[in-house]
Amino acid sequence: MKRKILAYNFEFSETLNRLRNTYDVEIFEGINPKTDPTFLQALSKAAGIVGLALPVDKELLDRAPKLKIVSNNSTGFNNLSLEEMTKRGVMGTNTPGVLEDTTADAIFGILLASARRIPELDQFVKTGNWKQHLTRKEYAIDVHHKTLGIIGMGKIGSLIAKRGHFGFDMDILYHNRTRNLQVEEKYNAVYCSLDSLLMESDFVCLMTPLTPETENIMGEREFKLMKKSAIFVNGSRGKTVDEKALIEAIRDKEIYGAALDVFQNEPVTADHPLLQFSNVVTTPHIGSSTHETELKMAKLAVENLEAGLSGKRPKNLINPEVLNKFNKGV
Ligand code: DGY
């Protein structure tokens with residue numbers, strides 16, 4: 001009998017076609033993985049799962065006794081309970097190395113859109129309000145030659161620094177768990193404490209992964225430290241921000257505006273208070289979402305899945321301890 005693979009919210013599912021000779025591939029889109037009976041039934045037989053943002057927790061793992069690998073179709077893997085997976089000998093993989101420039105473009109894009117009020121002024125034109133020359137009511141703020149503070153200087157953070165430094169003559173400040181000497185050398189980035197970064201930056205760009213240390217890293221105190229003229233940009237994960245504190249900071253004009261690609265709960269609902277402000281630019285977690293990059297990610301996710309299922313070490317294994325623990329020899 002063929003071993004089962006589940007694809008969950010996996011847009012380029014055709015990349016799985018060549019595995020169909022060997023595996024029984026079942027595709028799931030837009031279902032609730034906690035309650036969908038067909039999914040739960042398939043899960044009990046699944047050897048591999050590939051897809052985006054499936055919450056792989058103890059409860060799911062308890063229902064998946066045959067599971068060997070979860071191949072995440074993203075770089076972020078905060079949806080995986082790695083400790084539980086490792087305990088049970090389940091490999092986890094992600095898709096780094098193919099989406100960093102694309103994500104940096106998107107996050108720099110929303111920074112620009114927010115500073116220059118592009119979505120708001122697009123609506124101004126389309127709703128017939130452009131009837132005379134612009135007045136200061138429509139003016140925006142400059143990006144070039146300002147100070148860009150980046151919290152989380154990994155690969156994507158570095159590429160945002162590159163864009164700011166070379167493209168916009170910006171001064172770069174950064175805060176990270178460890179110093180990143182490359183960005184200091186290449187983009188004149190200056191390492192500083194979180195508080196100094198918040199106090200001195202004109203744009204505060206949050207790019208950390210979501211971990212217990214970074215959950216709600218931006219709260220009331222942090223927004224109060226920011227300049228009133230500064231814009232907050234979130235390209236990390238929604239749970240890194242206390243959204244209530246952000247709503248208050250915007251409402252009380254503690255900061256100039258925000259650009260958000262991620263939310264505590266996604267998809268965000270239209271009645272969310274953050275969506276009611278004209279100075280909050282929002283996008284639906286578009287970081288890596290271009291045709292070219294999503295296809296590359298899907299191919300990499302399938303390669304990782306196939307390697308794990310055929311007893312080889314997947315290229316992007318994120319819990320290598322799993323190999324020692326069970327001496328799987330991959
Ligand atoms: C990633 O790869 O982590 C992006 O945020 C898409 O989820």
Side-chain angles (χ1 to χ4, degrees), residues 9 52-53 55 74 76 78-79 103-124 126-127 129 137-141 143 146 148-152 156-157 160 175 194 197-199 201-211 214-289:
N9 293 346
L52 179 65
S74 63
N78 51 287
N79 58 311
T103 306
D105 284 351
I107 304 307
F108 213 90
I110 59 171
L111 181 155
L112 281 170
S114 167
R116 298 303 307 266
R117 300 173 58 190
I118 291 170
E120 201 186 334
L121 295 173
D122 169 66
Q123 281 308 306
F124 177 79
K126 289 177 180 164
T127 51
N129 284 306
K137 283 209 303 305
E138 289 84 38
Y139 293 171
I141 56 172
V143 173
K146 294 273 183 78
L148 170 59
I150 301 175
I151 306 169
I156 302 172
I160 293 172
H175 181 72
L194 179 61
L197 181 148
L198 294 170
M199 288 187 286
S201 300
D202 300 303
F203 297 90
V204 170
C205 187
L206 184 56
M207 295 309 302
T208 54
L210 174 64
T211 64
T214 62
E215 188 164 347
N216 286 333
I217 190 172
M218 288 299 295
E220 187 186 343
R221 190 190 80 88
E222 287 70 30
F223 287 118
K224 283 207 159 72
L225 285 178
M226 285 176 63
K227 295 181 186 177
K228 289 203 183 322
S229 56
I231 289 181
F232 172 68
V233 183
N234 194 4
S236 63
R237 286 290 185 265
K239 289 191 167 56
T240 53
V241 174
D242 174 349
E243 284 184 348
K244 192 165 161 286
L246 176 57
I247 293 163
E248 283 165 12
I250 300 277
R251 187 197 61 205
D252 301 343
K253 304 199 178 349
E254 296 284 352
I255 61 174
Y256 181 86
L260 309 172
D261 188 40
V262 288
F263 298 85
Q264 290 247 350
N265 293 309
E266 296 176 5
V268 69
T269 52
D271 61 351
H272 192 293
L274 278 171
L275 275 49
Q276 318 312 316
F277 297 109
S278 57
N279 56 341
V280 175
V281 169
T282 61
T283 42
H285 202 144
I286 61 169
S288 57
S289 303

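Scanning for side-chain hydrogen bond (donor to acceptor under 3.5 Å, both in side chains) contacts around N265 gives an empty result, with sequence neighbours left out. With sequence neighbours excluded, the residues satisfying ring-ring contact (aromatic ring centres under 6.0 Å, His included) with F232 are F223. Annotation: salt bridge (charged side-chain N to carboxylate O under 4.0 Å, His left out) contacts of E220 (sequence neighbours excluded): K224. In this structure D252 satisfies the salt bridge (charged side-chain N to carboxylate O under 4.0 Å, His left out) test with no other residue, sequence neighbours excluded. The salt bridge (charged side-chain N to carboxylate O under 4.0 Å, His left out) search around E120 returns R117, not counting sequence neighbours.
Atom CZ in F203 sits 9.0 Å away from atom OG in S229 (nearest 0.5 Å). The distance from atom CZ of R116 to atom CG of L111, rounded to the nearest 0.5 Å, is 12.0 Å. Taken to the nearest 0.5 Å, the CD1 atom of I156 stands 4.5 Å off from the OG1 atom of T103. Summarising the geometry, atom CG belonging to L112 is positioned 12.0 Å from atom CD1 belonging to I107; distances are rounded to the nearest 0.5 Å.
Looking only at distances, no side-chain donor or acceptor of T283 sits under 3.5 Å from a matching main-chain atom of H285. No donor-acceptor distance shorter than 3.5 angstrom exists from the side chain of E266 to the backbone of V262, with no hydrogens or angles considered.
Contact between L197 and S201 at its shortest, heavy atoms only, is O-OG, 2.7 Å. Of all the heavy atoms in A258 and S114, the pair that sits closest is O-OG, 3.8 Å. Shortest non-hydrogen contact noted between A113 and P119 is O-CD, 3.5 Å. Of all heavy-atom pairs between A106 and G287, the closest is CB-O, 3.8 Å. Taking each heavy atom of S236 and T240 in turn, the nearest pair found is OG-OG1, 2.9 Å. Contact record, D242 with G219: CB-CA, 4.0 Å, taken as the closest heavy-atom pair.
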Go through V204 and V233 one step at a time and tell me if the side chain to side chain contact (heavy atoms under 4.5 Å, CB included) criterion holds.
CA-CA 6 Å; V204 170; V233 183; over 6 Å; no
Take R251 and F277, measure what side chain to side chain contact (heavy atoms under 4.5 Å, CB included) needs, and give me the verdict at the end.
CA-CA 8 Å; R251 187 197 61 205; F277 297 109; 4.2 Å; yes
Show the numbers, then the answer: is there a side chain to side chain contact (heavy atoms under 4.5 Å, CB included) between E243 and L274?
CA-CA 8 Å; E243 284 184 348; L274 278 171; 4.2 Å; yes
The test is side chain to side chain contact (heavy atoms under 4.5 Å, CB included); show your working for F263 and L275 and say whether it passes.
CA-CA 11 Å; F263 298 85; L275 275 49; 4.2 Å; yes
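Annotation: side chain of V268 is not in contact with side chain of T282 (no heavy-atom distance under 4.5 Å). Within the 4.5 Å cutoff, the side chain of L246 has heavy atoms near those of the L260 side chain. Using a 4.5 Å heavy-atom threshold, the side chains of N216 and K239 count as separate. Put simply, the side chain of L206 reaches to within 4.5 Å of the side chain of M218, judged on heavy atoms. Contact annotation: the side chain of I160 approaches that of C205 to within less than 4.5 Å [non-hydrogen atoms, C-beta and beyond]. The shortest side-chain heavy-atom distance between Y256 and I250 does not fall under the 4.5 Å cut-off. I231 is not listed as a side-chain neighbour of I255, based on a closest heavy-atom distance of 4.5 Å or more. The shortest distance between side-chain heavy atoms of I286 and P284 falls below 4.5 Å.
For the side-chain hydrogen bond (donor to acceptor under 3.5 Å, both in side chains) with R237, the qualifying choice from T214, T208, N78, D261 is N78, the only one to do so.
The salt bridge (charged side-chain N to carboxylate O under 4.0 Å, His left out) contacts involving residues 226-235 comprise D202-K227, K228-E254, where partners must be two or more places apart or lie in separate chains.
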